[in-house]
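What follows is a set of notes on a single structure, which appears directly below.
Counting begins at 1 with the first residue of the sequence. Start at 1 and go down the list; that is how both ligands and their atoms are numbered.
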Amino acid sequence: MKVLIVGGGGREHAIAWKVAQNPSVEKLYCAPGNAGIAEVAECVNIGVMEFDRLAAFAKEQAIDLVIVGPDDPLAAGAVDALEAAGLRAFGPRANAAILEGSKAFSKDLMKKYNIPTAAYETFDSAEAALAYLETAKMPIVLKADGLALGKGVLICQNLEEAKAGVQELMVDKQFGSAGNRIVIEEFMTGREVSVLSFVDGKTIKIMTSAQDHKRAQDGDQGLNTGGMGTFSPSPFYTDEVDAFCKKYVYQATVDAMKAEGREFKGIIFFGLMLTAKGPRVLEYNARFGDPETQVVLPRMKNDIVEVFEACIDGTLDQIDLEFEDNAAVCVVLASDGYPEHYEKGFKISGLDRFKDTDGYYVFHAGSKFDADGDIVTNGGRVLGVTATGRDLKQARANAYAATEWVQFENKYMRHDIGKAIDEA
Ligand code: AMP
Ligand code: GLY
């Protein structure tokens, strides 16, 4: 069969690597891909939002399955456009991708169907939001309704910060129209856990758990980023947490979407906070996490193409998801200055060593070939170095050892990915 993956980051590299293991995949394309993905797929120079060109290419090449990776095209209707062209596509349609695309929608859904989450109010005007804040309990959380590259969430310690936040989101429109509406939410405390799942519209199958590190600097300091590293499984995702979420969160979310006439097929990523009162949903994403995928897929035993097909066909109930009884850690190698200002175009060396070392992976997030055919840095997050191990500590030691194999100018990483493991 022929497969096209839409996207060009570390997540898509991990998906492409996994898809390529299916023996019936005779040709794999990725649009636009990157220099690492080029090792397992033919990269096609089409952007993720160019739905007409993607559909035309897929028709021309007689693609059997298109997998859409990122949130923006999903929310904007990439799957709808591909299906309208007669193609088979994996991912939620726009009316279901709204689960991630609108925080107000997802909060209202959780409230309506009693899915545990933080208390909240939604506001369409800055005046009303400011008036509400005058009597609200601090700290408090402001969230832009729409997609904002994972940066539309502001944790405000006091009234002054909260007012400045409303100004930033709703008046100055720092995230454009994503801030036309905001959710103001109760501040919660607890450990965060990410849980990815496959969904076929009615059945949900949970993958293994993971944990991200969103801040740029050690000790969870600095600005929010797309994610600086992950580990899997999370030792804090206990059987008790699992049982609670199975009872109140996972199937309840899938059933709620179905009841709303928004059948969800694809990946649901549950961002959970383990509070003193029990697990609460922080957010939903309608796609694989990045860099959660880079630690989850290397541990997955199943053929991922079979699972994608089952999601599309509505036969996920016949699949047993299985994960290795090991652990994985991913350390992101970024360009110094990320997520603000950073330079690109530096040569990357040392990548070959990953090719012949079992249990070690380098997933490219921002790389490209320069005019000489050398691989150079091409983004804030450059590489995700993943290693497995028999347990989390071993995996962490392996991953950090492998970060030393790779060199490029302005290489930057956090040194405390997985530190929480020691507290488990
Ligand atoms: P989100 O994009 O909704 O996951 O928010 C980004 C980050 O903000 C989360 O990973 C949490 O660390 C934090 N956050 C979001 N909502 C809350 C909340 N209600 N209370 C405390 N922290 C939160
Ligand atoms: N790593 C967080 C995300 O993919 O949203």
Side-chain angles (χ1 to χ4, degrees), residues 7 9-12 14-15 69-72 74-75 97 99-107 110 116-121 136-157 162 165 169 175 178-179 182-196 207 209-216 220-232 234 267-277 279-297 330-332 334 339 363 365 380-381 384 386 414 417 420:
R11 161 184 49 212
E12 287 77 24
I15 296 170
D71 46 350
D72 282 330
L74 287 167
L99 190 62
E100 171 170 9
S102 166
K103 300 245 189 229
F105 170 85
S106 68
K107 294 296 292 189
M110 287 188 264
T117 189
Y120 73 103
E121 297 284 341
K137 189 163 161 256
M138 300 292 151
I140 203 157
V141 184
L142 310 186
K143 299 186 171 186
D145 177 46
L147 294 176
L149 298 167
K151 292 170 193 152
V153 174
L154 307 177
I155 312 269
C156 306
Q157 297 302 329
L169 296 175
F175 301 103
I182 66 166
V183 168
I184 300 188
E185 189 172 286
E186 163 202 7
F187 175 77
M188 304 186 293
T189 52
R191 285 194 189 275
E192 289 182 44
V193 181
S194 302
V195 178
L196 302 178
M207 297 182 226
S209 59
Q211 187 175 322
D212 192 9
H213 300 68
K214 286 198 171 131
R215 299 299 189 112
D220 291 327
Q221 302 296 308
L223 293 170
N224 257 323
T225 70
M228 294 299 293
T230 41
F231 58 84
S232 171
S234 164
I267 304 294
I268 299 182
F269 166 142
F270 298 86
L272 303 172
M273 186 174 266
L274 310 180
T275 75
K277 291 188 215 148
R280 299 282 181 269
V281 177
L282 274 177
E283 63 159 351
Y284 294 114
N285 294 316
R287 49 162 176 89
F288 278 104
D290 191 348
E292 283 84 347
T293 308
Q294 290 88 312
V295 285
V296 169
L297 293 191
C330 172
V331 180
V332 169
F363 296 115
R381 289 192 293 179
T386 296
R414 274 182 62 161
I417 302 302

Does [Y] offer a backbone N or O that forms a donor-acceptor pair with the side chain of [X] under 3.5 Å?
{"X": "Ser106", "Y": "Lys103", "value": "yes"}
{"X": "Thr230", "Y": "Pro291", "value": "yes"}
{"X": "Thr225", "Y": "Lys214", "value": "yes"}
{"X": "Arg381", "Y": "Gly227", "value": "yes"}

Query raised in the report: Any salt bridge between Arg287 and Asp72, counting N to O under 4.0 Å?
Result: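 A salt bridge is absent here (no side-chain N lies under 4.0 Å from a carboxylate O).
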Heavy atoms only: which of [options] lies closest to [atom]?
{"atom": "atom 5 (O) of ligand 1", "options": "Val153, Ile140, Val281", "answer": "Val153"}
{"atom": "atom 17 (C) of ligand 1", "options": "Asp212, Asn224, Leu282, Asn285", "answer": "Leu282"}
{"atom": "atom 18 (C) of ligand 1", "options": "Leu142, Thr189, Val141, Thr117", "answer": "Val141"}

Run the numbers for me: atoms of ligand 2, each under 4.0 Å from some heavy atom of [X], listed by number.
{"X": "Asn285", "value": "5 (O)"}
{"X": "Glu292", "value": "1 (N), 2 (C), 4 (O)"}
{"X": "Gly289", "value": "4 (O)"}

Query - Distance, nearest 0.5 Å, that separates CG of Leu274 from OG of Ser234 - result: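 Nearest 0.5 Å value for the CG-OG distance: 7.0 Å.
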Query - OG1 on Thr293 to CZ on Arg11, rounded to 0.5 Å - result: 6.5 Å
Query raised in the report: Which of these passes side-chain contact (heavy atoms from CB on, under 4.5 Å) with Phe288: Glu12, Gln294, Met207?
Result: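 Exactly one option meets the side-chain contact (heavy atoms from CB on, under 4.5 Å) with Phe288, and it is Met207.
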Query raised in the report: Does the side chain of Lys107 come within less than 4.5 Å of Thr117's, by heavy atoms?
Result: yes
**Report entry** Side-chain heavy atoms of Tyr284 within contact of Phe269, under 4.5 Å
**Finding:** no
Show me which atoms of ligand 1 lie under 4.0 Å from any heavy atom of [X].
{"X": "Phe187", "answer": "20 (N), 21 (C)"}
{"X": "Glu185", "answer": "16 (N), 17 (C), 18 (C), 19 (N)"}
{"X": "Lys214", "answer": "4 (O), 10 (O)"}
{"X": "Glu283", "answer": "1 (P), 2 (O), 3 (O), 4 (O)"}
{"X": "Lys103", "answer": "1 (P), 2 (O), 3 (O)"}

Please state which protein non-hydrogen atom is closest to [atom] and give its distance, to 0.1 Å?
{"atom": "atom 2 (C) of ligand 2", "result": "Asp212 OD2, 3.5 Å"}
{"atom": "atom 21 (C) of ligand 1", "result": "Met188 O, 3.1 Å"}
{"atom": "atom 5 (O) of ligand 2", "result": "Arg287 NH2, 2.9 Å"}

Requested in this report: Decide whether the shortest distance between a heavy atom of Gly271 and an atom of ligand 2 is less than 4.0 Å.
Outcome: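 The answer is no, since Gly271 has no heavy atom less than 4.0 Å from ligand 2.
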Report task. Run the contact test for Lys143 against ligand 1 with a 4.0 Å cut-off on heavy atoms, strictly below, and give the result. Result ->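 In this structure, Lys143 qualifies as a contact of ligand 1 - some heavy atom is under 4.0 Å.
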**Report entry** Closest approach of Met228 to Ile417 (non-hydrogen atoms, all atoms of both residues)
**Finding:**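 Answer, listing the atom of Met228 first, then Ile417: O-CD1, 3.6 Å.
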Query raised in the report: Which bit of Ile155 gets closer than 4.0 Å to ligand 1, counting heavy atoms only: side chain, backbone, both or neither?
Result: side chain
**Report entry** ligand 1-proximal atoms of Glu192, by part, heavy-atom distance under 4.0 Å
**Finding:**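 Under 4.0 Å from ligand 1, Glu192 contributes side-chain atoms alone.
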Query raised in the report: Looking just at side-chain N and O atoms, do Asp145 and Ser102 make a donor-acceptor pair shorter than 3.5 Å?
Result: yes
Query raised in the report: Should Glu283 be counted as touching ligand 2, given the test is an N or O pair under 3.5 Å?
Result: no
